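Below you'll find the structure, written out as structure tokens, and then a few comments.
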There are 2 protein chains.
Amino acid sequence: MQHWIIDREAVALDNWRAALPRAQVLGREALAGVRFAGDGIIWVRMRFGEPVIQAVSGVDRSGGQPLVVLADDPNERVVLEALAAGAAGCCNSHAAPAVLRQVVLVVGNGGLWVGQSLLTQLVGATTRRLAQLGEVRANDGWTASLSAREAEVARLVAAGAANKEIAARLKITERTVKAHLTAIFEKLGVRDRLQLSLRVNGLKI
Amino acid sequence: MQHWIIDREAVALDNWRAALPRAQVLGREALAGVRFAGDGIIWVRMRFGEPVIQAVSGVDRSGGQPLVVLADDPNERVVLEALAAGAAGCCNSHAAPAVLRQVVLVVGNGGLWVGQSLLTQLVGATTRRLAQLGEVRANDGWTASLSAREAEVARLVAAGAANKEIAARLKITERTVKAHLTAIFEKLGVRDRLQLSLRVNGLKI
DNA sequence: GTAGCGACTGTACCTTCGTCCAATAGCCGG
DNA sequence: CCGGCTATTGGACGAAGGTACAGTCGCTAC
């Protein structure tokens, strides 16, 4: 598994080096045009006072790799914003190497890394919000009629990936991606990938 | 690591046995007074139609072990309720052993196991909620660099409209729509209409 | 005036998307 | 074992999306 570390100054802290010895460190300015490919985790350092949006912006997420925010000043708000920005987790920049390795295990296997204190708040708020929305979207059930593979493709499309990228990520041909998409469109009754994206993202029923 | 499986009928499915060979299976009625001790994971099966609360209630959580809900009928709502009830994750009762082992890895290391499909919903809902609260960005400023006409086109694209539809709606030619889009992509630094949609809808930074 | 900008349109061309035909292979339940 | 579902791929093709180069028109600022 590859690790990419993104920092404004392209500096890697000692604890990162210890936990992720083979990581590739990238500066913010060197980020333009960089496309991440293959299995791996993207780590983004958020320095003191730096907004999450700014730290995460410019990072290519089309490869589908999970992103973890390393915050100099972590707090619940920051973690929430990081998750909202699509991160799979957020932890202290100066966390011990053992903790970072744990994060790798969790995030690399599709989990979310969230501090316990935040969990209650996040879930509570989200639950209330969904209840307010009439629970329609929470129960949209777009996955129900799809096979596991189709759902996987649907999610990647919803995240903005192109067919070629999906093919590379799932290690199948572009032709197969198209086949899955045709099936998905038919099952969900949408006409193209953009409508699918809206549906998956709960913006359209 | 110890695994405790709790089921109303004290039945263990084959996939559980495969993934958690040394697990201890407990019936609901045998649960009274049981105190879990040591490192491990508590698995609770939620049968069809059974409410989360009922499935989780009565389980001793004082030992601090993470709890995972195995749902016969998993959907976003169930997962959210499970998380709200203090579970560290929720997955399909009939998930493949490989998936269950992955869950062990994630949850055992302090992570949350959330299905990818829910993740999208959760993140989307959280984003919208934050936007509503004005905490993060009611408007991340994508309109700032666009002209009035471009913003209009951008909104229609974000809503899922095709170029031809936009042209008809705005009473201009499809060619002009394309011209506006080219300018929009350039200004916002996105590569196509799907990425634009995500940006406008606040799902991607 | 004229330089700049935004809106608008045209021709041409390439890429990506989506669908049609068809096929092989594995798995699972009856 | 067979029917049905799923995953996979191929070739071909029309439709839609997107770019490059070029041009007109009206408004505004210097």
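Since the model is a prediction, treat every value here as computed from it, not as a measurement. Every chain is numbered from 1 and lettered A, B, ... according to where its sequence line falls, protein lines coming before strand lines.
- With values rounded to the nearest 0.5 angstrom, A:I6 atom CD1 is found 4.0 Å from A:F36 atom CZ.
- Heavy atoms of A:R191 sit nowhere under 4.0 angstrom from any nucleic acid atom.
- Between the CZ atom of A:F185 and the P atom of D:dA15 there is a distance of 18 Å, rounded to whole Å.
- Pairs passing the side chain to side chain donor-acceptor pair (under 3.5 Å) check and including a residue from residues 174-190 of chain B, sequence neighbours excluded, read B:E150-B:K187, B:T173-B:T176.
- Sorted by first and then second residue, the salt bridge (Lys or Arg N to Asp or Glu O under 4.0 Å) pairs involving residues 152-162 of chain B (not counting sequence neighbours) are B:R149-B:E152.
- In this structure, A:S147 reaches the sugar-phosphate backbone alone: every heavy-atom distance under 4.0 Å involves primed, P, OP1 or OP2 atoms, never a base.
- Taken to the nearest 0.5 Å, the CG atom of B:D7 stands 9.5 Å off from the CG atom of B:L70.
- For the side chain to side chain contact (heavy atoms under 4.5 Å, CB included) with B:L196, the qualifying choice from B:N201, B:V153, B:I184 is B:I184, the only one to do so.
- Of all nucleotides in DNA chain C having an atom under 4.0 Å from a heavy atom of chain B, the first and last in 5' to 3' order are C:dG6 to C:dT11.
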Quiz item: Reading nucleotides 8-13 of chain D 5' to 3', which nucleotides get B (base under 4.0 Å from a protein heavy atom), which S (sugar-phosphate only), which -?
Solution: SBBB--

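- For A:R191, the salt bridge (Lys or Arg N to Asp or Glu O under 4.0 Å) test picks out B:E165, with sequence neighbours left out.
- Distance CG/A:L100 to SG/A:C91: 5.5 Å, rounded to 0.5 Å.
- What separates CD of B:E186 from P of D:dT19 is a distance of 9 Å, to the nearest Å.
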N/O-N/O pairs, protein side and nucleotides 24-26 of chain D side, under 3.5 Å:
none

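- Over its full length, the helix from C:dG1-D:dC30 to C:dG30-D:dC1 turns its helical axis through 40°, comparing axes from the five pairs at each end and rounding to 10°.
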Report, one line per pair, each donor and acceptor closer than 3.5 Å where one atom sits in a side chain of residues 9-18 of chain B; sequence neighbours left out.
{"residue": "B:N15", "atom": "ND2", "partner": "B:S93", "partner atom": "O", "Å": "2.8"}
{"residue": "B:N15", "atom": "ND2", "partner": "B:A95", "partner atom": "O", "Å": "2.7"}
{"residue": "B:W16", "atom": "NE1", "partner": "B:S93", "partner atom": "O", "Å": "2.9"}

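- Between B:V59 and B:L67, some side-chain heavy-atom pair lies under the 4.5 Å cut-off.
- Listed by chain and number, the residues in a side chain to side chain contact (heavy atoms under 4.5 Å, CB included) with A:A23 are A:H3, A:I5, A:L20 (sequence neighbours excluded).
- For the side chain to side chain contact (heavy atoms under 4.5 Å, CB included) test, residues two or more places apart in sequence or in another chain that qualify with B:D192 are B:L194, B:Q195.
- Contacts of A:R193 classified as salt bridge (Lys or Arg N to Asp or Glu O under 4.0 Å), with partners at least two apart in sequence or in another chain: none.
- One can place CD1 of A:I184 at 10 Å from P of D:dA7, the figure rounded to the nearest angstrom.
- Annotation: side chain of B:L181 is in contact with side chain of B:N163 (closest heavy-atom distance under 4.5 Å).
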